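From a predicted model like this one, the values you see are computed outputs, not experimental measurements. Numbers here are sequence positions counted from 1.
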Amino acid sequence: MNKKVIAILSILTFLLIIGSIITLVYATNNSNTNIKIEKTNSQILYLDNEITKIINNINNISKDYNVFNRKQDVDWESIEKDICKLYSSWNSIIIDFNNLEIQNTTLTDFGKKLDDISISVKNKNKSLTLSNLADLYYFLTLYINYYKSDIQLKNNINTKFFLIKAYSLVETNNWTLIYENLENAVEAYYNNISSIDINNNNKFNNNKIYVSIKELENISRVKDIDLFYLKYSIIMNNFNYYED
């Protein structure tokens with residue numbers, strides 16, 4: 001074998017090794033990215049579930065739709081425990097979110113809003129607590145844009161914010177603003193209906209949720225609080241990732 005052939009084989013071998021190393025590094029980085037995304041999705045869902053649960057508990061709305069016989073008294077002691085649990089979880093989550101290069105002010109503002117909620121809960125101010133919780137949930141709509149999240153999750157979070165915002169306004173009787181938020185919820189969730197990137201297995205449930213949001217929008221014109229809570233609880237239970 002002459003020197004020229006040996007040189008060519010050596011170069012090819014070197015390129016093969018370099019290519020393998022690059023492929024391995026790329027695969028490792030891609031795997032690490034996917035793991036990070038999955039973890040962040042899980043944390044977003046956790047915050048979503050905890051905040052939503054606290055909001056529902058304030059009006060004693062449960063998953064059995066028994067809203068017509070709901071208690072009017074707020075179990076403030078239970079709410080305080082849930083807030084403390086959220087504080088504890090946030091202390092860990094904020095570190096991971098910081099690694100995503102989420103704007104620091106939005107992270108610190110989340111903590112400040114938690115403080116506002118604690119004060120309003122301590123003062124047993126129902127309307128202010130609901131308003132603060134809706135503001136707290138808004139931060140999830142910001143965080144979900146800082147990484148390559150699942151498109152349906154992003155649409156769900158945006159939709160639920162508008163639903164929660166409308167829900168927080170019900171007992172203020174500001175039905176005009178409630179209706180505006182429900183219009184935004186319909187628009188946000190329609191992205192799940194129209195998107196070609198959504199898994200077809202979710203199409204039926206997406207259509208069901210979309211219809212239920214439209215029904216809630218219609219109820220806001222009737223201005224019946226109990227019916228509103230009933231339709232709202234049905235929507236929240238129809239979200240395929242919703243957990244009690």
- When the ring centroid of Tyr167 is compared with that of Tyr229, is the distance short of 6.0 Å? yes
- Query: Without hydrogens or angle criteria, can the side chains of Asn155 and Asn192 be said to hold a donor-acceptor pair below 3.5 Å?
  - Reply: yes
- Counting only N and O atoms by type, is there a donor-acceptor contact under 3.5 Å from the side chain of Asn237 to the main-chain atoms of Ser233? yes
- Message: For the NZ atom of Lys122 and the CD1 atom of Ile117, what is their distance to the nearest 0.5 Å?
- Response: 16.0 Å
- Task: Of all the heavy-atom pairs spanning Trp90 and Leu107, show the shortest one and how long it is.
- Result: CZ2-O, 3.5 Å
- Message: With heavy-atom distances below 4.5 Å as the criterion, would you say the side chains of Thr129 and Ile54 are in contact?
- Response: no
- CD1-NZ distance between Ile93 and Lys39, expressed to the nearest 0.5 angstrom: 9.5 Å
- Query: Are a donor atom and an acceptor atom from the side chains of Asp115 and Tyr87 found within less than 3.5 Å of each other?
  - Reply: yes
- Name the orientation class of the two ring planes belonging to Phe239 and Tyr189 (parallel below 30°, tilted from 30 to 60°, perpendicular beyond 60°). perpendicular
- Should we count CD of Glu187 as having more than 12 external heavy atoms under 6.0 Å? no
- Cut-off 3.5 Å, side chains only: do Gln152 and Asn206 have a donor facing an acceptor? yes
- Any luck finding a side-chain donor-acceptor pair between Lys126 and Asn59 under 3.5 Å? yes
- Task: May I ask you to decide if Ile178's main-chain N or O and Asn181's side chain share a donor-acceptor pair within less than 3.5 Å?
- Result: no
- Query: Do the side-chain N and O atoms of Ser127 and Asn125 include a donor-acceptor pair separated by under 3.5 angstrom?
  - Reply: yes
- Task: Check the pair Leu133, Ile164 against side-chain contact (heavy atoms from CB on, under 4.5 Å), reporting the backbone distance first and the verdict last.
- Result: CA-CA 9 Å; Leu133 284 164; Ile164 288 170; 5.9 Å; no
- For Ser168 and Ser131, the nearest pair of non-hydrogen atoms, with its separation, is CB-N, 4.3 Å
- Message: Could you check whether atom OH of Tyr190 has more than 12 heavy atoms from other residues, nucleotides or ligands sitting under 6.0 Å from it?
- Response: no
- Item | Other residues, nucleotides, ligands: >12 heavy atoms within 6.0 Å of Tyr138 OH | no
- Query: What are the two closest heavy atoms between Glu217 and Leu182, and how far apart are they?
  - Reply: CA-CD1, 3.8 Å
- To the nearest 0.5 Å, atom CZ of Arg221 lies from atom CG of Leu216 at 12.0 Å
- Message: Between Ile234 and Asn238, does the side-chain contact (heavy atoms from CB on, under 4.5 Å) criterion hold? Intermediate values first, please.
- Response: CA-CA 6 Å; Ile234 290 173; Asn238 280 339; 3.6 Å; yes
- Is Asp82 salt-bridged to Lys85, going by a charged N under 4.0 Å from an acidic O? no
- Item | Non-hydrogen side-chain atoms of Tyr137 and Asp48 separated by less than 4.5 Å | yes
